[in-house]
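Encoded as structure tokens, the structure appears first; notes follow it.
We name chains A, B, ... by the order of the sequence lines, and we start the count at 1 in each one. Basis for what follows: all heavy atoms, side chains included, without hydrogens, waters or symmetry-related copies.
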Protein chains: 2
Amino acid sequence: MLIVEDDAAIRELLTLHFEQAGFRTAAAADGRSALQWLAELLPDAVVVDWMLPDQSGLALVGRLRRDARTRALPIVMLTARASEEDKVRGLEEGADDYVTKPFSPRELVARVRAVIRRRRPEADPRPVEFGGLHLIPEVRQASYGGRSTTLGPTEFRLLHFLVTHPERVWERSTLLDRVWGDHVFIEERTVDVHIRRLRLALTAIGAEGFVQTVRGVGYRLAAPQGDDRSLPQEAAAIG
Amino acid sequence: MLIVEDDAAIRELLTLHFEQAGFRTAAAADGRSALQWLAELLPDAVVVDWMLPDQSGLALVGRLRRDARTRALPIVMLTARASEEDKVRGLEEGADDYVTKPFSPRELVARVRAVIRRRRPEADPRPVEFGGLHLIPEVRQASYGGRSTTLGPTEFRLLHFLVTHPERVWERSTLLDRVWGDHVFIEERTVDVHIRRLRLALTAIGAEGFVQTVRGVGYRLAAPQGDDRSLPQEAAAIG
DNA sequence: CGATTCCGTGACGATTTGATGACACACTCT
DNA sequence: AGAGTGTGTCATCAAATCGTCACGGAATCG
């Protein structure tokens, strides 16, 4: 989740709420930093303020839509103007939804969730990879070291989400929201079952140990065995 | 748990189910009684029917959101209308989730649980460090000089607290409050046991001497070098 | 030095949590 | 209709974790 907003107070407010909602969040104060950040990573969605110091948020949205790499990014615009005209221009430029100030952070989070849900991962046909584990959405296939297998729709979505969001732990409830959809009613334990089916399928192609359990919390995807490997950059250099 | 629902039959049905699910439950037939009740107590969450006799449930939700005291209350709306518009209006007004009739009581309970869970602030996922001792909350892992180990939930919380509040002594009762939670009834000596388990885990990765005992007071985290092995007392050179 | 307080330690039972296998239901394809 | 898939739920088993306790050593004090 990338937040592009020049007002520091609002930026922090949003960061707080999105992190509480289970999103990993980054923030940029202007369009340029946003683009820089996006050059490195692709977030699940972008929240863009209409008014930005260097470049209007609208222009940023247009630019993101013209770049093939960022074209599929869900975008929610944040605007003080409630006029119909602005809404139309925002949506024309390519925003998926918009929220007018003053807004409740809760509503924004809900809208972002909805926007992400509409753009389901399986809709993205690009192959993804993590640690030698390759996913090909078009055929719902996972391959590892030459061997490959076809997964069921749910298992594939689950694995796809994990591969595109690796290393960190996901609570069952969050997985239900992000993989199944945020308005489904399913027992949390069901996640366990699908994790197991996923593990079985992965084991069958020799990709064992990727899906890891964090007791009392949830699951995560990570390289097998990697226990004492390098730490996240933050912890790497402290002195 | 507060249920605001005008239909007596549904009200009792819901009360029954929520109590069976372990919630202490109160019910109100209209917005006014609900507000009266809320003036006295704050529940874990509120379930509000969309249609209420005196005042629409939507208005009640808006009112709860505008009052600072009730602003943080998780709210689940109950509605017969399944239209997208109603959903949006409900979310805009500040509901956290909604369930459309006909609904299964089990689903409602599950959603309320989920909403309460989301409200619960997540633990800070950022890695922390002290004296070469690194903590990675996402995997509940502690590492020291290349070696790492996974801690149990309680041990990790305990160590996390100590690492983020090092160098000072903590009484057992304070640790119980800050690590276990404010209103837990647990023997103070239990802290000793967890300290021991923590020490064992740390020793296993070579991080010995971090957790120090201050006799008659409690425990503290400090760098192993200047420990009490060489110095008779904690007489620091601060003068 | 003896009495007393305080802490470390090992063990144990109870509870919580995850893994697993079985099963029922909905859907699709033949 | 019948077979086959995919999915969600449940009961059960196994493992992890937790809180207590009792014992004994260590520190403290008179």
Protein-proximity profile, nucleotides 18-30 of chain C, B/S/- by nucleotide at the 4.0 Å heavy-atom cutoff, equals SSSB---------
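Rounding to whole angstrom units, NE2 of residue B/H194 and C1' of C/dG8 are separated by 15 Å. With rounding to whole Å, B/Q212 atom CD is found 12 Å from C/dG8 atom P. Atoms CD (B/E188) and C1' (D/dC21) sit 16 Å apart, rounded to a whole Å. We find that CZ of A/F156 is positioned 13 Å from P of D/dT7, with the value rounded to whole Å. Remark: P of D/dT7 and CD of A/E187 are 18 Å apart, rounded to the nearest angstrom. Put simply, CD on A/E155 is 11 Å from C1' on D/dT5, counting in whole angstrom units. Taking atom CG of residue B/L198 and atom P of nucleotide C/dG8, one finds them 12 Å apart after rounding to whole Å.
Within the 4.5 Å cutoff, the side chain of B/V163 has no heavy atoms near those of the B/H160 side chain.
Here A/T190 lies in heavy-atom contact (under 4.0 Å) with a base.
In this structure, B/R172 fails the cation-pi test against B/W170, since its NZ or CZ atom is not both closer than 6.0 Å to the six-membered ring centre and inside 45 degrees of the ring normal.
Within the 4.0 Å cut-off from OP1 or OP2 of D/dC18, not a single side-chain nitrogen or oxygen of B/W180 is found. B/T154 has no side-chain polar atom (N or O) that falls below the 4.0 Å cut-off from OP1 or OP2 of D/dT17.
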- For A/R178 and A/S173, run side-chain hydrogen bond (donor to acceptor under 3.5 Å, both in side chains): C-alpha distance rounded to whole Å, both residues' side-chain angles, the deciding distance at 0.1 Å, then the answer. CA-CA 9 Å; A/R178 306 285 300 263; A/S173 58; over 6 Å; no
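Side-chain atoms of A/R140 do not come within 3.5 Å of backbone N or O of A/F156 as any donor-acceptor pair.
Among all heavy-atom pairs drawn from B/P43 and B/L38, the shortest one is CD-CD2, 3.4 Å. Closest approach of B/I3 to B/R11, counting heavy atoms only: CG2-CG, 4.4 Å.
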